[in-house]
Amino acid sequence: MDADLTLSPAAAPDVADGFFEAVDREIGGWALFLDIDGTLIDLAATPDTIHVPPDLPAGLHGLSARLDGALALVTGRALSYADGLFAPYRFPVAGLHGAEMRLGDGTMIAPPVPPAFSALKLDLARHLSKIEGVLVEDKGGAIATHYR
């Protein structure tokens with residue numbers, strides 16, 4: 001699997017062609033782990049205002065099929081949010097930066113959210129809501145704060 005995958009804007013089409021030629025030759029030797037936020041989907045002013053290109057879900061599904069299912073998504077978002085972005089397709093996903101996962105066979109791995117953490121998230125959100133420009137995003141098993 002010696003393929004030069006160094007990307008530059010001018011070389012991107014040639015590199016992509018070379019990549020898919022290598023995949024076709026050695027289909028069982030490749031897997032893709034693709035980051036969602038800021039890579040597959042452009043960042044937006046708020047997490048809820050991102051735009052999923054209409055052809056992206058089907059394109060990922062086709063790529064996954066071409067790789068015999070060896071494609072997974074990686075995100076800081078919860079699995080349920082990622083599923084909503086790419087419906088009707090459901091991919092293997094590492095969500096919440098790996099704290100929860102759906103494996104290729106559909107097995108879910110997610111730690112329980114302790115009541116103390118739920119209370120802490122509410123308290124944090126209440127305090128941070130007083131700061132202009134801060135957005136608190138409750139992700140279930142995690143919490144994120146955004147400031148722009």
Side-chain angles (χ1 to χ4, degrees), residues 1 3-9 12 15-16 18-20 22-24 26-148:
M1 289 187 278
D4 181 8
L5 297 179
T6 304
L7 290 177
S8 70
V15 170
F19 169 76
F20 286 113
V23 168
D24 287 339
E26 302 176 38
I27 197 70
W30 290 89
L32 287 181
F33 298 85
L34 303 172
D35 183 54
I36 295 173
D37 303 296
T39 303
L40 289 174
I41 299 172
D42 290 334
L43 296 176
T46 65
D48 292 333
T49 59
I50 62 165
H51 170 73
V52 178
D55 59 343
L56 182 59
L60 289 172
H61 178 70
L63 182 57
S64 178
R66 190 170 183 174
L67 293 167
D68 289 338
L71 179 143
L73 304 177
V74 180
T75 183
R77 298 174 184 271
L79 294 182
S80 59
Y81 191 89
D83 285 345
L85 295 176
F86 301 107
Y89 306 104
R90 292 173 59 103
F91 301 99
V93 179
L96 301 180
H97 305 288
E100 59 180 24
M101 292 182 274
R102 180 177 45 246
L103 306 181
D105 65 2
T107 300
M108 300 289 288
I109 300 170
V113 178
F117 183 61
S118 295
L120 176 71
K121 290 188 304 179
L122 288 172
D123 192 42
L124 183 64
R126 189 179 79 244
H127 286 359
L128 292 178
S129 69
K130 300 172 187 172
I131 303 171
E132 187 176 335
V134 173
L135 171 68
V136 177
E137 183 182 12
D138 186 340
K139 298 180 175 193
I143 190 166
T145 57
H146 304 269
Y147 178 79
R148 290 190 171 94

Do you know which two heavy atoms are closest between [X] and [Y], and how far apart they sit?
X: Asp123; Y: Arg126; value: OD1-NH2, 2.8 Å
X: Asp37; Y: Leu43; value: C-CD2, 4.0 Å
X: Val113; Y: Gly141; value: CG2-CA, 3.7 Å
X: Thr107; Y: Asp105; value: OG1-OD1, 2.7 Å
X: Lys139; Y: Gly76; value: NZ-O, 2.8 Å
X: Met108; Y: Leu79; value: CE-CD1, 3.3 Å

After noting the C-alpha distance and the side-chain angles of Phe86 and Ile41, does the key distance pass the side chain to side chain contact (heavy atoms under 4.5 Å, CB included) rule?
CA-CA 11 Å; Phe86 301 107; Ile41 299 172; 4.0 Å; yes
Can you tell me how far [atom2] of [Y] sits from [atom1] of [X], rounded to the nearest 0.5 angstrom?
X: Leu128; Y: Ile143; atom1: CG; atom2: CD1; answer: 7.5 Å
X: Asp48; Y: Leu135; atom1: CG; atom2: CG; answer: 7.5 Å
X: His61; Y: Arg66; atom1: NE2; atom2: CZ; answer: 14.0 Å
X: Leu32; Y: Leu67; atom1: CG; atom2: CG; answer: 5.0 Å

Can you tell if the side chain of [X] reaches within under 4.5 Å of the side chain of [Y], non-hydrogen atoms only?
X: Ile50; Y: Asp42; answer: no
X: Leu73; Y: Leu40; answer: yes
X: Leu34; Y: Leu71; answer: yes

If the condition is side-chain contact (heavy atoms from CB on, under 4.5 Å), which residues does Ala31 pass it with, not counting sequence neighbours?
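Here the qualifying residues are Phe33, Ala70.
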All side-chain contact (heavy atoms from CB on, under 4.5 Å) counterparts of Ala99, not counting sequence neighbours
Leu96
Would you say that more than 12 heavy atoms from the other residues, nucleotides or ligands in this model lie under 6.0 Å from the CG of Asp138, or not?
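More than 12 within 6.0 Å, yes.
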So, using side-chain hydrogen bond (donor to acceptor under 3.5 Å, both in side chains) as the criterion, who are the partners of Glu137 when residues are at least two apart?
His146
Test your reading of the model: is there a side-chain donor-acceptor pair from Arg102 to the backbone of Phe91, 3.5 Å cut-off?
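Yes, Arg102 side chain to Phe91 backbone: donor-acceptor pair under 3.5 Å.
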Under the side chain to side chain contact (heavy atoms under 4.5 Å, CB included) rule, what do Leu56 and Tyr89 come out as? Steps first, then yes or no, please.
CA-CA 11 Å; Leu56 182 59; Tyr89 306 104; over 6 Å; no
